[in-house]
Amino acid sequence: MKARVEVTLKPGVLDPQGEAVRHALGALGFEGVGEVRVGKVIEVDLAATDAAAAEAEVEAMCQKLLANTVIENYAVEIA
Amino acid sequence: MSLRAGVVVFPGSNCDRDIAVALGEAGVEVTKVWHKETALPAGLDLVAIPGGFSFGDYLRCGAIAARSPVMRAVVDFAEGGGHVIGVCNGFQVLIEAGLLPGALMRNAGLRFVCGTTPLVVATVESAFTAGYRAGEVIRLPIAHHDGNYFADEATLDRLEGEDRVAFRYAENPNGSARGIAGVLSANRRVLGLMPHPERAVDPLHGGTDGRRVFSAFNPASALVQGA
């Protein structure tokens, strides 16, 4: 199975990278751009064949390594 | 008798020699410890996690290093009351390992900051800061891209209430919450800080304000004499 993990900064945590991207979009002439937030996507190949078991495993991966839960949220998709 | 320190080395560490030299000049016997070791050398009094770019800063700064085999031993050492100092990337590793609270994010100005910066010594209640005067302003080098200290308000209040802010920036270079440059663990024996005391221990460095971070571990110090 494949897991797709989306890691994003929690609301309220300043995202300087997103700010820089917003400025650059403005410089390119894109108007009306509000807040920009930059996150990351992590794809994991899994040996598991059971979706529930895979999700539980990836949830543990997020808690232990993939996300820093002090500043980041994560969402797991199993396919 | 000399105290013994272990300096942990990860792929990408680049201040391991600097901190080993600084500790050596303070009269500490230093052993380097490779990250794949599962145990620390016996009889260590202090563990130092050096600056650098461990594992290329992949995923998040310090995240991979914090899960390396040696760090399990370092966490056990700290939980057993051992002294641990983490500088710059070492601070990031200690936070990722859960030994210190908060997070270190990309600098608010997005730029890599590099230079000598004034710091206020916020507490002298730790072996690492006992050699300073409370409120003393010292100058230490900084060199980092991700040193923007973040923690929720309750955690910041708790750190301040427990007198666990070790150093504050006099001129905040990176957007750190409440100007925090270094924090102590609850037992005051684990220090993480972004500035580099080991790069300010010799007049040729342009200053010696960092020396006293290590001086408590000198054989003649009160800490060692009282031990």
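All chains are named by letter (A, B, ...) in the order of the sequence lines, taking the proteins before the strands, and each is independently numbered beginning at 1.
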> Looking only at atom types and distance, does a side-chain atom of B:Ser13 sit under 3.5 Å from a main-chain N or O of B:Asp16, one as donor and one as acceptor?
Replying inline: no

> If you draw a 6.0 Å radius around CZ in B:Arg17, do more than 12 non-hydrogen atoms from other residues or ligands fall strictly inside?
Replying inline: no

>> Using the rule given for ring pair (Phe, Tyr, Trp, His ring centres under 6.0 Å), can you reason through B:Phe53 versus B:Phe10, listing the C-alpha separation, both sets of side-chain angles and the distance that settles it, and then say yes or no?
In response: CA-CA 9 Å; B:Phe53 299 87; B:Phe10 302 103; over 10 Å; no

>> Taking atom OH as the centre, does B:Tyr58 end up with more than 12 heavy-atom neighbours from other residues, nucleotides or ligands that are less than 6.0 angstrom away?
In response: no

> Just checking heavy atoms, which of residues 57-79 of chain A are less than 4.5 Å from chain B?
Replying inline: A:Lys64, A:Leu65, A:Leu66, A:Ala67, A:Asn68, A:Val70, A:Ile71, A:Glu72

> Side chain of B:His144, backbone of B:Phe112: donor and acceptor closer than 3.5 Å?
Replying inline: no

> In terms of side-chain heavy atoms, does B:Thr155 have a donor or acceptor partner in B:Asp152 at a distance below 3.5 Å?
Replying inline: yes

> Can a salt bridge be assigned to the pair B:Arg106 and B:Asp146 using a cut-off of 4.0 Å between side-chain N and carboxylate O?
Replying inline: yes

> Applying a criterion of heavy atom separation less than 4.5 Å, what residues of residues 166-186 of chain B form contacts with chain A?
Replying inline: none

> Which heavy-atom pair separates B:Pro69 from B:Thr38 by the least distance, and what is that distance?
Replying inline: CB-CG2, 4.0 Å

> Would you call A:Arg4-A:Glu6 a salt bridge at under 4.0 Å N-O?
Replying inline: yes

> Does a salt bridge link B:Glu136 with B:Arg212, judged by any charged N lying under 4.0 Å from a carboxylate O?
Replying inline: yes

> Nearest 0.5 Å, what's the CD1-CG distance between B:Ile49 and B:Leu191?
Replying inline: 12.0 Å

> Can you name the residues of residues 46-54 of chain A that have some heavy atom under 4.5 Å away from a heavy atom in chain B?
Replying inline: none

> Would you find a donor on one side and an acceptor on the other, under 3.5 Å apart, between the side chain of B:Asp163 and the backbone of B:Thr123?
Replying inline: no

>> Less than 4.5 Å to any heavy atom of chain A: does that hold for the side chain of B:Arg67, its backbone, both, or neither?
In response: side chain

>> Counting only heavy atoms from other residues, nucleotides and ligands, does the tally under 6.0 Å from CZ of A:Arg37 exceed 12?
In response: yes

>> Counting only heavy atoms from other residues, nucleotides and ligands, does the tally under 6.0 Å from NZ of A:Lys2 exceed 12?
In response: no

> Does B:Leu46 offer a backbone N or O that forms a donor-acceptor pair with the side chain of B:Arg4 under 3.5 Å?
Replying inline: no

>> Applying a heavy-atom distance below 4.5 Å, give me the residues of residues 71-102 of chain B that approach chain A, sorted by number.
In response: B:Glu96, B:Gly102

>> Set out, in order, the CA-CA distance, both residues' side-chain angles and the distance that settles side-chain contact (heavy atoms from CB on, under 4.5 Å) for B:Ser68 and B:Lys36, then state yes or no.
In response: CA-CA 7 Å; B:Ser68 61; B:Lys36 286 188 175 168; over 6 Å; no

>> Evaluate B:Asp57 against B:Ile64 for side-chain contact (heavy atoms from CB on, under 4.5 Å), listing each step before the verdict.
In response: CA-CA 8 Å; B:Asp57 282 348; B:Ile64 310 285; over 6 Å; no

